[in-house]
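The analysis underlying the following values was restricted to heavy atoms, covering all of them including side chains, and did not include hydrogens, waters or symmetry mates. Numbers here are sequence positions counted from 1.
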Amino acid sequence: MRSDNARAGMQQAPARSLFNALGFTPEEMKKPMVGIVSSYNEIVPGHMNIDKIVDAVKLGVAEAGGVPVVFPAIAVCDGIAMGHIGMKYSLVTRDLIADSTECMALAHQFDALVMVPNCDKNVPGLLMAAARLDLPTVFVSGGPMLAGHVGGQKRSLSSMFEAVGAHAAGNMTEDEVENFVENVCPTCGSCSGMYTANSMNCLTEALGMGLRGNGTIPAVYSERIRLAKHAGMAVMDMYNKGITARQIMTKEAVLNALTVDMALGCSTNSMLHLPAIAHEIGFDFDIEFANPISEKTPNLCHLAPAGPTYMEDLNEAGGVWAVMKELADIGLLNTDCMTVTGKTVGENIKNAINRNPEVIRPVDNPYTKTGGLAVLKGNLAPDGSVVKRSAVVPEMLVHEGPARVFDSEEDAIAAIKGGKIVEGDVVVIRYEGPKGGPGMREMLNPTSAIAGMGLGSSVALITDGRFSGASRGASIGHVSPEAAVGGPIALVEEGDIISIDIPNYTMTLKVSDEELEARRAKWQPREPKVTTGYLRRYAAQVTSGNRGAILKTPEF
């Protein structure tokens, strides 16, 4: 056992005295020690129930012959952090989570791990740590929130943000907005649409790192407690069989995850996190992999914000495994990949059933024949940009209009809510990338304001920042290179014509090469927006959005 390094022999007698102080019995000292990484806290709705999930995992581990030991991971609620400096601290926690988990796991020599995350950065951060540590590891999340109900319709957090935009446009009263406040988020759990948290939790199943239902069983269902117990048992089975994370998280598994992503219509943030996870296993993931996979992968699901269905509906329809079965039946998945069940993907999904062909469209009747995400390139984004194609209305798939240029999210929101953006405009928000932000803020407020003011089918938004999974419309993020390093987005001027062609994966600034070069000669780097603390260190190390905003390894 790896844990013997910390517990066995005369040299470790002092450590054993400390284990005695923890209440370990002699019998427990002879068993595998399983670290349970808990992201429980009292500020994130998706994490407030995780204490109960952790208790269930502990029971499962102990029943299967291990000794469970809990240690923490931090979490930021993107919804609470949205619209102020707090959003600069969201993406940056992903690497803190990975690094701190590595530190705890190796310092204390755990034999195996169960990761208990839920929201946006915890899941990818812990997947990065799992790949890095290469221990027997299982993921079990806190689960999604149930949808809210307003006016007899299911609603979620994206509806809340759009209600604020509708109020700004004079289309909703303050009392009506408060009705949304009271009803759109009715339970604990990760917000109920196919936003980033639920996207990444679903992708743990596609990667093979989570048990069936990990991405979809609602937080308030007792079934999730049973799932957590089984996760504890599963990690001990992996330990006994010698199955570790990197045997599961292979290049083929990552490409499976990208394929499932396309079918589900996941958040564009998955195109930040999958490259970062792949980096940990030595796989150089280029975001352009998305387009050939998208070309052959049908989009089978339209969950909020793309459509009227929610995570509870996907769960009842058969969940992620039912989606995977649809894809495997037409040869789009590598079914030989190992999973945390100790079985292959093919063995796991062979009996999965699609119970609702309206929630999970069959492959012969998809929403579209192409996948949910697209990577656009061109002279405005030479290294790529990302759009959630499945959440774009048909009339905006091809669009051309004048640039309305803003150097911060706040300036753009003021213009949108002030009625200064009109049909046909292309809103450009720059200096909000990984380095320029710093922290690559999500732009849910401006996209929701555009939608709430009735401009969602006529206005595009382009940024070197990123979008929440709750954003919809022609919202194109991750523009690379970013403005802070002199990318072409920094050279756009008010009124320049920008052409967007999502079906052909292009985005073009209609300015001559000669004019762009003249502008580049005049361009000067901006002073950093943050000059102290963690954000300063992050900005100095972070790479571009198209590389997953991973941190550069310092040279020795």
Side-chain angles (χ1 to χ4, degrees), residues 46 53 117-118 123 138-147 154 156 187 189-231 234 253 256-267 270 297-304 306-329 332-333 335 337 339-341 343-363 366-367 372 469:
I53 303 296
N118 208 23
V123 186
V138 175
F139 277 68
V140 56
S141 77
M145 185 183 291
L146 293 178
K154 284 186 175 181
S156 63
T187 72
S190 49
C191 297
S192 55
M194 187 54 82
Y195 311 145
T196 306
N198 292 327
S199 295
M200 295 309 302
N201 279 322
C202 286
L203 295 187
T204 63
E205 294 189 55
L207 279 168
M209 292 297 291
L211 297 176
R212 182 176 191 172
N214 183 51
T216 60
I217 298 170
V220 294
Y221 284 13
S222 298
E223 184 181 359
R224 184 153 290 276
I225 300 297
R226 297 195 296 273
L227 179 76
K229 291 177 181 176
H230 284 130
N256 275 352
L258 181 55
T259 302
V260 174
D261 184 314
M262 293 294 175
L264 287 171
C266 290
S267 164
S270 64
T297 305
N299 178 225
L300 306 181
C301 299
H302 263 194
L303 286 91
T309 54
Y310 294 81
M311 296 306 296
E312 62 208 63
D313 303 311
L314 178 58
N315 187 62
E316 292 166 11
V320 176
W321 282 18
V323 174
M324 293 175 71
K325 180 67 161 55
E326 293 280 355
L327 299 175
D329 284 348
L332 293 182
L333 292 184
T335 55
C337 292
T339 74
V340 294
T341 66
K343 299 178 181 178
T344 65
V345 166
E347 291 172 317
N348 283 343
I349 66 175
K350 66 179 179 181
N351 295 319
I353 298 171
N354 181 354
R355 296 187 177 91
N356 189 334
E358 290 304 311
V359 175
I360 304 172
R361 290 280 187 93
V363 290
Y367 282 100

Close side-chain approach of [X] to [Y], heavy-atom, < 4.5 Å:
{"X": "L314", "Y": "V323", "value": "yes"}
{"X": "M194", "Y": "C202", "value": "yes"}
{"X": "L300", "Y": "P366", "value": "yes"}
{"X": "S190", "Y": "P144", "value": "yes"}
{"X": "R226", "Y": "E223", "value": "yes"}
{"X": "T309", "Y": "N356", "value": "no"}

For the [atom1] atom of [X] and the [atom2] atom of [Y], what is their distance to the nearest 0.5 Å?
{"X": "N118", "Y": "F139", "atom1": "CG", "atom2": "CZ", "answer": "12.0 Å"}
{"X": "M311", "Y": "N198", "atom1": "CE", "atom2": "CG", "answer": "4.0 Å"}
{"X": "L264", "Y": "M262", "atom1": "CG", "atom2": "CE", "answer": "11.5 Å"}

Contact summary for [X] and [Y], nearest pair of heavy atoms:
{"X": "A231", "Y": "V138", "result": "CB-CG1, 3.8 Å"}
{"X": "I349", "Y": "A328", "result": "CD1-CB, 3.7 Å"}
{"X": "A304", "Y": "Y195", "result": "O-CE2, 3.7 Å"}
{"X": "S267", "Y": "S199", "result": "N-OG, 3.0 Å"}
{"X": "A147", "Y": "S192", "result": "CA-OG, 3.6 Å"}
{"X": "L211", "Y": "A234", "result": "CD2-CB, 4.3 Å"}

Polar side-chain atom of [X] near backbone of [Y] as donor-acceptor pair, under 3.5 Å:
{"X": "N201", "Y": "T216", "value": "no"}
{"X": "T187", "Y": "L146", "value": "yes"}
{"X": "R224", "Y": "V140", "value": "no"}
{"X": "S141", "Y": "N214", "value": "yes"}
{"X": "N256", "Y": "A206", "value": "no"}

Worksheet entry | Within 6.0 angstrom of H302 NE2, more than 12 heavy atoms from elsewhere |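 More than 12 within 6.0 Å, yes.
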
Fill in: Verdict with reasoning, T344 to T335, per side chain to side chain contact (heavy atoms under 4.5 Å, CB included)
CA-CA 6 Å; T344 65; T335 55; 5.9 Å; no

Item to complete: Using the salt bridge (charged side-chain N to carboxylate O under 4.0 Å, His left out) rule, collect all pairs that involve residues 310-327, keeping only residues at least two apart or in two chains.
Response: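 Found K154-E312, K154-D313, K325-D329.
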
Practice prompt. Please assess L203 against V123 for the test side chain to side chain contact (heavy atoms under 4.5 Å, CB included), listing each intermediate value before the final yes or no.
Written response: CA-CA 10 Å; L203 295 187; V123 186; over 6 Å; no

Discussion item. R212 vs N348, test: side chain to side chain contact (heavy atoms under 4.5 Å, CB included). Steps then yes/no.
Written reply: CA-CA 9 Å; R212 182 176 191 172; N348 283 343; over 6 Å; no

Practice prompt. Applying ring-ring contact (aromatic ring centres under 6.0 Å, His included), name anything that partners Y221, two or more places apart in sequence or on another chain.
Written response: none

Worksheet item: Which residues satisfy the side-chain contact (heavy atoms from CB on, under 4.5 Å) test with A322, sequence neighbours excluded?
Response: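 Per chain and number, A322 pairs via side-chain contact (heavy atoms from CB on, under 4.5 Å) with I360.
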
